[in-house]
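Data first, discussion second: the structure below is written as structure tokens.
Order of the sequence lines sets the chain letters (A, B, ...), proteins ahead of strands, with each chain counted from 1. We use all heavy atoms of the structure for the numbers below, so side chains are in, but hydrogens, waters and symmetry mates are not.
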Amino acid sequence: MQILNLKETVNFMAYRKYALAFSIILMLASVGSLFVNKLNFGLDFTGGTLIEVAFESPAELTQIRQVLESDGYGDAVVQFYGSSREVIIRLAQREGVKAEMLSNEVLSLLKEGTGQELEMRRIEFVGASVGDELTEQGGLAMLTALICILVYVAFRFEWRFALGSVFALFHDVLLTLGLFSFLQLEFDLTVMAAILAVIGYSLNDTIVVSDRIRENFRKIRVGGPSEIIDISLTETLSRTVITSITTLLVLAALFYQGGALIHGFATALLFGVFIGTYSSIYVASAVALGLGISKEDLIPEVIEKEGADQQEMMP
Amino acid sequence: MLNRSPLWKTLLVVIIVAFGALYALPNLYGEDPAVQLSGLRGVEADAATLDNVKSQLSEQNIDFANITLEDGQLLVRFSDPDNQLKARDLLDNTMGEQFSVALNLTPATPDWLAAVGGVPMKLGLDLSGGVSFTMEVNMNEAVVKAQEGMLSDFRSDLRGEKIRYRSVKKVDDAIEIVFRNAEDLDQAESFLKKRYRDYLFTDNTDTLTLTSKMSELKLKEIREYALQQNITIIRNRVNELGVAEPLVQRQGQKNIVIELPGVQDTAKAKEILNATATIEFRMVDNENDLATALNGRVPASSQLLYERDGTPVLLKKRIMLTGDHIVDAGSSFDEYSRPQVNITLDSPGGSKFSNATKNAIGQPMATVFIEYKPTDRKDSEGNTIFDKHEEVISVATIQARLGKSFRITGAGSQAEAHSLALLLRAGALIAPIQIVEERTVGPSLGAENVKAGFQAIMGGFALVFIFMLIYYRAFGVVANLALMANLILIVGVMSMIPGATLTLPGMAGIVLTVGMAVDANVLIFERIREELREGKSVQQAIHQGYDAAYSTILDANITTLIAAIILFSIGVGPIKGFAVTLSIGIVTSMFTAVVGTRSIVNAIWGGKRLDKLPI
């Protein structure tokens with residue numbers, strides 16, 4: 001079976017100006033949203049206490065709020081989580097109460113106040129200093145990842161490809177962050193892991209494309225850089241699409257069956273993989289082209305490589 | 001001929017996958033309920049304990065599957081949880097004083113598998129349920145305490161050397177000594193420099209000040225010691241909690257991670273971790289009769305306390321010294337190779353002790369360990385009431401006037417000396433600790449997480465399976481075989497690596513790997529199709545397809561691996577699990593997708609005259 005059976009070369013690069021405009025608009029929108037809405041940082045980063053409880057019968061949020069309010073926890077955020085029996089309660093840090101004991105106090109309050117049997121499902125408490133450290137470490141990790149990848153790709157390919165792919169990664173990360181900021185989805189540790197996985201995935205895609213561009217620059221003697229990039233993108237398009245499909249399939253399974261805890265993670269990856277596919281076609285190659293990649297940059301290695309190829313044919 | 005794999009290559013693939021399958025196998029067997037007995041404070045379970053437990057269980061007609069003794073721990077397996085609970089209650093009653101009796105689940109791995117080292121994957125707390133704490137050691141406090149110690153040491157040293165000074169005080173992170181004249185300053189400097197090599201001294205002859213700072217090395221040493229001390233104390237306390245397989249581990253420069261699988265009552269756990277303990281040295285009361293005291297007539301100036309094994313000791317109420325003067329305690333051997341405990345006191349403690357012991361030579365002295373343990377009772381304000389537990393941990397005869405450093409011999413076995421040293425140190429926590437992070441997962445949520453993760457893996461797997469089958473037909477089957485082998489290898493490797501833990505994000509990592517692992521095959525198969533379209537022969541197309549795709553696959557995977565490794569290095573708890581499965585998945589998928597499928601493809605289609613490929 002074939003989904004895409006392309007006989008003709010698609011003129012990808014002809015549309016690169018539109019794609020570029022599209023990307024720039026989205027990136028500006030993301031930056032804007034990040035400034036205005038900020039990220040809805042989860043407990044991991046802000047610090048505080050989160051308690052998830054399950055009641056025997058559907059819970060009444062107003063009653064729970066009243067119980068908490070009457071004991072001075074008026075700032076508690078109470079929400080359903082997954083079903084009407086499960087409730088999460090978020091609390092900021094407060095003075096006077098030993099932060100680590102807060103969860104236990106609230107639990108016993110709820111037990112008395114609602115008169116219902118309840119089951120503790122999850123308690124998370126993160127001290128403020130831990131959150132600060134994590135934000136710092138997280139940002140540092142992303143930067144390190146980008147730099148390491150830049151170095152590797154520059155070493156394996158060419159600096160224009162390296163800049164192109166790192167720019168594409170930056171693009172993907174920014175847009176994913178923008179989505180989380182725009183929709184005010186909770187940004188927790190698992191989402192950060194997902195974004196690093198998006199970096200990995202998007203890079204995977206970009207490298208496949210760059211690899212083919214390099215190969216075709218050496219192989220095809222006619223046509224300018226833009227045509228060769230078009231040919232390469234067309235050749236790799238069906239692979240790009242199929243891999244995206246399989247990855248999106250498993251992510252859909254994760255999104256629907258992985259449970260509420262993994263939702264943010266799956267959302268970030270679903271979006272990131274989608275954007276990553278687009279960016280490996282348009283952003284990375286367009287940037288390399290814009291930086292003036294040409295045949296001459298990749299030619300010197302040709303002779304050596306062809307010789308190596310031929311020997312391998314014989315065994 | 002083209003596309004024939006040498007036999008050894010095919011065999012290698014088969015052996016590696018079989019090996020992975022063997023080590024993945026233990027995960028298919030369930031878990032047996034068990035009761036675990038681990039000794040407290042130097043006590044170790046031995047063959048006698050084993051017989052004891054055996055006879056107790058058979059007396060009460062509690063059926064058990066088997067009992068094993070390993071590393072001083074006793075593990076009793078049961079076939080049903082009812083007997084497990086009964087046995088726990090029984091053993092806790094009869095042996096709870098010396099052993100921590102904990103419920104446990106042990107893998108029901110068959111003996112032959114266990115014999116080759118087969119163990120199931122370790123589940124993270126988000127899957128098994130339990131609580132994990134991160135505690136932070138207050139390092140500033142440790143340094144301040146050390147400085148305060150030095151302050152008084154400097155004073156008494158200078159006094160001892162008869163060097164006159166105007167003042168000794170702490171200024172920021174340094175100690176400043178002001179002298180009356182330059183001679184005293186010089187004299188003090190040369191004396192102190194010699195005595196305290198890990199301090200940096202700078203003098204100012206105008207203001208007649210000598211400034212002393214701790215060297216970086218000394219600071220590091222203090223922090224390291226504070227961390228280690230806290231770890232040992234926490235280990236001790238965690239053992240008392242009666243948790244099977246607790247984990248106490250350092251994390252970074254100042255944090256300690258504590259994982260308590262299966263613990264639900266987090267309030268109790270926190271209180272025990274936060275409990276305070278002190279040490280007191282007191283004289284044994286020999287003037288009054290122990291027997292009369294036991295009959296209830298304890299003299300007003302004395303107190304009746306007990307040793308761990310129940311031996312009563314009559315002590316004087318007057319405290320000779322408290323544990324906050326203890327600077328260090330360690331165990332070693334004396335000249336007759338008997339275990340001993342070496343204790344170092346700070347200067348004021350030393351002189352106090354020297355005064356207290358000068359008229360007591362030849363008399364017995366007791367070391368009392370005082371711990372404030374939380375109870376279930378609460379006072380009117382809802383605060384937990386703490387019970388004061390006093391216990392005599394050692395009685396020793398004073399051989400000489402004791403000073404700043406002394407030793408206690410005759411403490412029993414090496415293990416007992418070691419645990420006495422630990423307890424002595426526990427009495428003088430250098431740096432307070434604080435819980436900075438808690439993650440508790442209830443058992444039902446844990447079980448749901450396992451189910452959800454498993455379903456997501458299976459669901460994702462099935463979708464990719466069907467897609468590949470439709471899209472690549474026979475080659476899709478090959479890719480699917482590789483995918484299965486990949487899953488088996490991931491599970492096998494995860495089970496083999498001792499430190500690897502499966503978490504919910506880890507399961508997500510496996511799902512993602514399933515989706516991304518087929519990428520290598522897609523790359524190869526698409527390349528083969530391309531070559532076929534270009535009119536190459538079938539064998540040429542297979543050969544070229546694998547060859548050309550190889551470097552692309554390698555590059556693409558190495559970069560993903562870089563991202564995964566960075567994730568691992570910053571990762572905390574569950575996120576680490578994601579990085580681990582992702583990294584393992586990348587490596588195993590490269591093997592199965594490239595080497596594995598090549599063997600199958602070569603075996604089926606390689607070297608034959610074919611006009612078409614079912615691709």
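- When the shell of 6.0 Å around CZ of Phe55(A) is examined, it contains more than 12 heavy atoms from other residues, nucleotides or ligands.
- Taking every heavy atom of both residues into account, Ala193(A) and Leu567(B) meet most closely at CA-CD1, 3.9 Å.
- Of the charged side-chain nitrogens involved, at least one lies within less than 4.0 Å of a carboxylate oxygen, so that Arg527(B) and Glu215(A) count as a salt-bridged pair.
- Residues Ile242(A) and Tyr472(B) form a side-chain contact, since some pair of their non-hydrogen atoms from C-beta on lies under 4.5 Å apart.
- Between Gly259(A) and Ala452(B), the shortest heavy-atom contact is N-CB, 4.0 Å.
- Glu526(B) contributes atom CD, which lies 10.0 Å from atom CG of Leu237(A) (distance to the nearest 0.5 angstrom).
- With a threshold of 4.5 angstrom between heavy atoms, Leu107(A) does not approach chain B through any atom at all.
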Let's go through Gln257(A) and Ile457(B) carefully: what are the C-alpha distance in whole Å and the side-chain angles of both, what is the deciding distance for side chain to side chain contact (heavy atoms under 4.5 Å, CB included) to 0.1 Å, and is it a yes or a no? CA-CA 9 Å; Gln257(A) 303 194 294; Ile457(B) 292 177; over 6 Å; no

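- Between chain A and the residues Asn521(B), Thr560(B), Leu445(B), the largest count of heavy-atom pairs under 4.5 Å involves Leu445(B).
- Of the atoms belonging to Leu463(B), heavy atoms from both backbone and side chain fall under 4.5 Å from chain A.
- Put simply, CG on Leu189(A) and CZ on Phe578(B) are 12.0 Å apart, with the number rounded to the nearest 0.5 Å.
- In this structure, Thr440(B) OG1 and Arg121(A) CZ are separated by 14.0 Å, a value rounded to the nearest 0.5 Å.
- Residues Thr559(B) and Asn204(A) are not in side-chain contact: their nearest non-hydrogen atoms beyond the backbone lie 4.5 Å or more apart.
- Within the 4.5 Å cutoff, the side chain of Asp555(B) has heavy atoms near those of the Phe157(A) side chain.
- A 4.5 Å side-chain heavy-atom check between Arg239(A) and Asp519(B) finds at least one atom pair inside the cut-off.
- The line from CE of Met468(B) to CD1 of Ile245(A) is 11.5 Å long, rounded to the nearest 0.5 Å.
- Closest approach of Ala556(B) to Ile207(A), counting heavy atoms only: N-CG2, 3.8 Å.
- Here CG of Asp126(B) is found 8.0 Å from CG of Leu261(A). Values are rounded to the nearest 0.5 Å.
- Across Gly460(B) and Ala253(A), no two heavy atoms sit closer than the pair N-CB, 3.4 Å.
- By the neighbour-count criterion of 12 heavy atoms within 6.0 Å, atom CZ of Phe274(A) is sparsely surrounded, having that number or fewer from other residues, nucleotides or ligands.
- Note on Ile562(B), Val514(B), Ile558(B), Leu582(B): by heavy-atom pairs under 4.5 Å with chain A, the leading option is Ile558(B).
- There is no contact between Leu561(B) and chain A, counting heavy-atom distances below 4.5 Å.
- Within the 4.5 angstrom heavy-atom criterion, only side-chain atoms of Glu530(B), from C-beta onward, approach chain A.
- You'll find the side chain of Arg214(A) stays beyond 4.5 Å of the side chain of Thr552(B), heavy atoms only.
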Could you go through Thr246(A) and Met516(B), starting from their C-alpha distance and side-chain angles, then the distance that decides it, and tell me whether this counts as side chain to side chain contact (heavy atoms under 4.5 Å, CB included)? CA-CA 7 Å; Thr246(A) 58; Met516(B) 286 171 65; over 6 Å; no

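- Between chain B and the residues Glu235(A), Glu124(A), Met192(A), Arg212(A), the largest count of heavy-atom pairs under 4.5 Å involves Arg212(A).
- Only the side chain of Asp211(A) comes within less than 4.5 Å of a heavy atom in chain B; its backbone stays farther off.
- Proximity to chain B is limited to the side chain of Glu52(A), based on heavy atoms less than 4.5 angstrom apart.
- If you measure heavy-atom distances from Tyr201(A) to chain B, the contacts under 4.5 Å come from both the backbone and the side chain.
- Heavy-atom contacts from other residues, nucleotides or ligands closer than 6.0 Å to CZ of Phe255(A) number more than 12.
- Of all the listed residues (Asn449(B), Leu523(B), Val518(B)), the one sharing the greatest number of non-hydrogen pairs under 4.5 Å with chain A is Leu523(B).
- Once rounded to the nearest 0.5 Å, the distance linking CG of Leu196(A) with CD1 of Ile566(B) reads 7.5 Å.
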